[in-house]
Amino acid sequence: MPEPQPRRPDDNGGAIAATGAGGGMDLATSEGGTLEQRPGGPGGGSGGTGGEATGRPRSLWSDAWRDLRRNPVFVLSGLVIVFLVIISIWPSLITSGNPLSCDLARAQDGSRPGHPFGFNGQGCDVYTRTVYGARTSVVVGVLASLGVAVVGSVLGGLAGFFGGSWDAILSRITDIFFGIPVVLGGLVLLSVVTSSTVWPVIGFMVLLGWPQISRIARGSVITVKQNDFVQAARALGASSPRLMLRHILPNAVAPVIVVATIALGTFIALEATLSYLGVGLKPPTVSWGIDISDASPYIRNSPHMLLWPAGALAITVLAFIMLGDAVRDALDPKLR
């Protein structure tokens with residue numbers, strides 16, 4: 001076997017380190033580089049992002065956020081949603097009118113200076129009512145999604161974690177709720193409600209919306225609890241609440257977030273549908289569904305009364321659905 005040729009001290013490919021036996025030990029560039037790390041990390045400099053720059057492993061959430069920031073669909077839908085939230089909290093930023101101030105002398109009039117969307121059948125400013133209607137839709141959608149996510153996650157998570165009779169009973173109850181048509185259920189349950197607030201509508205959505213989240217949470221928990229790290233924590237004596245809160249929940253919540261985000265747009269459309277049918281929100285509450293219902297008889301003569309609130313509703317629902325799709329793509333490990 002031929003002896004390796006020794007490197008010269010001035011060879012840039014490596015370095016000679018003296019040994020205690022009087023010989024020499026050749027350090028390759030990659031090996032010698034480990035003796036001194038640059039501030040930027042193993043790769044040197046300040047390049048790289050996330051775990052590559054700091055030496056720490058990236059998590060699912062950090063990877064998802066990095067992908068979302070680069071997704072134009074997420075950016076566009078996020079800007080639309082931020083704008084809707086802002087005008088829902090402070091509608092006076094873009095309008096100074098009162099949505100309940102009406103003048104019958106201007107009923108069904110078209111656009112004019114100071115009133116770009118014209119007037120509805122009662123002489124109310126359509127632009128002002130469209131702006132204030134965003135508050136109702138956002139509040140109903142967000143609160144209904146939160147309620148559905150909490151109730152469905154708790155029930156489905158407990159069923160998937162404990163299994164047995166609890167899982168069987170909850171699965172049968174879920175099947176019963178899946179068999180109830182949503183719109184028909186709203187017509188029956190909300191027809192006896194006389195309150196004009198948003199709470200009966202939100203309660204109805206939570207009542208009929210939790211089974212879908214529950215089934216998704218159950219399947220996600222069953223999948224996660226079979227992983228080795230959960231079994232190891234159980235073998236070390238971790239209690240059931242600790243297993244659920246510290247080990248299973250953080251790894252099983254991603255599908256619930258995705259479905260709840262997409263469902264938010266669906267709940268906004270459902271509120272408008274129920275209000276259009278006369279069993280959802282009721283005047284004097286300002287709602288896009290109420291305005292669409294009032295404008296539908298005048299669609300031939302005054303289409304502006306219908307187009308503006310319907311257009312605002314369509315853009316809002318589309319923005320939340322696009323946001324949910326972007327979050328789903330970012331949180332799906334199969335797409336990586």
Side-chain angles (χ1 to χ4, degrees), residues 80-81 83-85 87-88 91 94-95 97-104 106-112 115-145 181-191 193-202 204-205 209 263-322:
V80 173
I81 292 172
F83 174 74
L84 290 171
V85 172
I87 66 173
S88 299
I94 60 175
T95 180
N98 185 351
L100 301 179
S101 177
C102 305
D103 184 3
L104 287 175
R106 299 180 176 181
Q108 303 182 36
D109 285 354
S111 175
R112 62 174 60 184
H115 306 279
F117 293 177
F119 299 88
N120 64 6
Q122 301 296 324
C124 304
D125 184 25
V126 175
Y127 172 75
T128 303
R129 291 187 62 86
T130 302
V131 172
Y132 275 85
R135 173 183 296 177
T136 303
S137 297
V138 170
V139 168
V140 170
V142 170
L143 293 182
S145 297
V182 177
V183 177
L184 179 60
L187 290 173
V188 174
L189 296 178
L190 296 178
S191 61
V193 177
T194 58
S195 175
S196 60
T197 63
V198 299
W199 298 111
V201 178
I202 294 174
F204 160 75
M205 293 180 180
L264 200 154
T266 305
F267 289 141
I268 293 177
L270 179 59
E271 177 272 319
T273 302
L274 295 175
S275 298
Y276 177 84
L277 295 175
V279 297
L281 301 179
K282 301 175 178 62
T285 303
V286 180
S287 168
W288 290 333
I290 295 176
D291 290 347
I292 293 173
S293 177
D294 294 340
S296 57
Y298 308 100
I299 187 173
R300 292 180 178 272
N301 299 327
S302 303
H304 66 275
M305 296 170 49
L306 177 65
L307 294 179
W308 292 113
L313 175 64
I315 292 174
T316 302
V317 174
L318 180 62
F320 279 106
I321 292 178
M322 291 171 57

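All of these numbers come straight from a predicted model, not from anything done at the bench.
Looking at heavy atoms from C-beta onward, Val140 lies out of side-chain contact with Ile268 at the 4.5 angstrom threshold. Taking the side chain as every heavy atom from C-beta outward, Ser137 and Glu271 approach each other to under 4.5 Å. Annotation: side chain of Trp199 is not in contact with side chain of Val193 (no heavy-atom distance under 4.5 Å). A heavy-atom distance below 4.5 Å is not found between the side chains of Asp103 and Phe119. Contact annotation: the side chain of Met205 never approaches that of Val182 to less than 4.5 Å [non-hydrogen atoms, C-beta and beyond].
Atom CZ of Phe267 and atom CD1 of Ile202 lie 10.5 Å apart (nearest 0.5 Å). Within the model, atoms CG of Asp109 and CE of Met305 stand 10.5 Å from one another, a figure rounded to the nearest 0.5 Å. One finds the CZ atom of Arg106 at 4.5 Å from the NE2 atom of His115 (value rounded to the nearest 0.5 Å). Here the CG-CD1 distance, from Leu274 to Ile290, works out to 11.5 Å after rounding to the nearest 0.5 Å. For the atom pair CG of Leu264 and CD1 of Ile321, the computed distance is 10.0 Å after rounding to the nearest 0.5 Å. A distance of 10.0 Å separates CZ in Phe83 from CD1 in Ile315, rounded to the nearest 0.5 Å.
With hydrogens and angles ignored, the 3.5 Å screen pairs no side-chain donor or acceptor of Thr285 with any backbone N or O of Leu281. Counting only distance, with no hydrogens or angles, the side chain of Thr130 and the backbone of Val126 share a donor-acceptor pair below 3.5 Å. A donor-acceptor pair under 3.5 Å links the side-chain atoms of Ser191 to the main chain of Val188, judged by distance alone. No donor-acceptor pair under 3.5 Å is formed between the side chain of Ser101 and the backbone N or O of Asn98.
No side-chain donor-acceptor contact under 3.5 Å links Ser287 and Thr136.
In plain terms, the two heavy atoms of Pro116 and Ser111 that are nearest each other are O-OG, 3.0 Å. Shown here for Thr128 and Pro99, the closest heavy-atom pair between the two residues is CG2-N, 3.5 Å. Considering every non-hydrogen atom in both Leu313 and Ala272, the closest pair reads CD2-CB, 3.6 Å. Between Gly121 and Ala107, the closest heavy-atom pair is O-CB, 3.4 Å. For the pair Pro284 and Leu100, the tightest heavy-atom approach, listed with the atom from each and the gap, is O-CD2, 3.6 Å. Scanning all heavy atoms of the two residues, the minimum distance from Ser275 to Ser293 falls at O-CB, 4.4 Å.
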_Verdict with supporting geometry, Tyr132 and Asp125, side-chain contact (heavy atoms from CB on, under 4.5 Å)_ = CA-CA 11 Å; Tyr132 275 85; Asp125 184 25; over 6 Å; no
_Assess the residue pair Arg129 and Asn120 against the criterion (side-chain contact (heavy atoms from CB on, under 4.5 Å)); give the C-alpha distance rounded to whole Å, side-chain angles, the decisive distance to 0.1 Å, and a yes or no._
CA-CA 10 Å; Arg129 291 187 62 86; Asn120 64 6; 3.7 Å; yes
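Listed by first and then second residue, the ring pair (Phe, Tyr, Trp, His ring centres under 6.0 Å) pairs that reach into residues 274-310 are Phe117-Trp308, sequence neighbours excluded.
Counting non-hydrogen atoms of other residues, nucleotides and ligands closer than 6.0 Å to CD of Gln108 gives a total above 12.
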